[in-house]
Amino acid sequence: MAEQQPDNSLTLHLGHEELIIRQRYEALSIFNDVLIALWFLAGSVLFLYPSQEHLAIWMFIIGSFQFLVRPAIRLARHLHLQRMPDNHWDDMHSDG
């Protein structure tokens, strides 16, 4: 089960343990960068074996796609959409 903390951290309860992720967008960005590195490393190694060239190309394509994910994560960190309570919305748009 996951719950949102007021300090913008994410807490995951795993049995008797808690995993607390602070600065979750930064953590997500780092995780994405690690995956990119793993795709390109695996693809590079597979290029050493001609029979695995097709799989190597797909790993480079996946890694390249994840390069597109990087700016989306950074943008999400800077933008935050929050639902306003109905009564606040009515107050903003009343004529009185």
Side-chain angles (χ1 to χ4, degrees):
M1 165 158 287
E3 66 184 54
Q4 201 64 34
Q5 299 296 322
D7 65 353
N8 208 15
S9 64
L10 179 67
T11 302
L12 302 172
H13 298 278
L14 309 167
H16 295 290
E17 306 293 326
E18 283 185 343
L19 174 64
I20 300 173
I21 303 172
R22 289 178 175 54
Q23 298 179 344
R24 62 180 182 225
Y25 290 111
E26 183 69 21
L28 184 60
S29 181
I30 292 167
F31 179 71
N32 186 63
D33 287 348
V34 168
L35 284 178
I36 291 169
L38 290 174
W39 290 123
F40 278 89
L41 179 63
S44 297
V45 170
L46 288 175
F47 261 117
L48 297 173
Y49 304 96
S51 65
Q52 298 299 319
E53 235 175 68
H54 188 76
L55 182 58
I57 291 169
W58 274 107
M59 289 190 169
F60 284 124
I61 290 171
I62 293 169
S64 297
F65 174 77
Q66 282 191 261
F67 275 124
L68 289 173
V69 173
R70 292 177 87 190
I73 293 170
R74 289 179 39 222
L75 184 61
R77 184 179 68 200
H78 293 289
L79 301 177
H80 181 75
L81 181 63
Q82 182 173 338
R83 179 177 289 269
M84 295 172 51
D86 289 336
N87 60 352
H88 183 68
W89 178 258
D90 292 339
D91 292 344
M92 287 179 52
H93 291 89
S94 65
D95 292 333

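Interatomic distance, Gln66 CD to Ile61 CD1, rounded to the nearest 0.5 Å: 13.0 Å. Note: Leu41 CG to Leu46 CG = 9.5 Å, rounded to the nearest 0.5 Å. If you take OG on Ser64 and CZ on Phe40, they are separated by 4.0 Å, rounding to the nearest 0.5 Å. Put simply, CG on Leu48 and CD on Glu53 are 10.5 Å apart, with the number rounded to the nearest 0.5 Å.
Contact detail for Ile36 and Gly63: the closest heavy-atom pair is CG1-O, 4.1 Å. The minimum heavy-atom distance between Met59 and Ala42, with the atom names listed, is SD-CB, 3.4 Å. Gly43 and Ala56 get closest at one heavy-atom pair: O-CB, 3.3 Å.
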Verdict with reasoning, Phe60 to Phe65, per ring pair (Phe, Tyr, Trp, His ring centres under 6.0 Å): CA-CA 9 Å; Phe60 284 124; Phe65 174 77; over 10 Å; no
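Residue Val69 is not grouped with residue Leu38 when hydrophobic side chains (ILVMFWY) are merged at heavy-atom distances under 4.5 angstrom, including chains of intermediate members. A single hydrophobic cluster is seen to contain both Ile57 and Phe67, as judged by linkage of ILVMFWY side chains at heavy-atom distances under 4.5 Å, directly or through other members. Placement of Leu68 and Ile73 within a single hydrophobic cluster is found when ILVMFWY residues are connected by side-chain heavy-atom separations under 4.5 Å, directly or transitively.
Residues Gln52 and Leu55 are in side-chain contact: their nearest non-hydrogen atoms beyond the backbone lie under 4.5 Å apart.
Applying the side chain to side chain donor-acceptor pair (under 3.5 Å) test to His54 and every residue at least two apart in sequence or in another chain returns Trp58.
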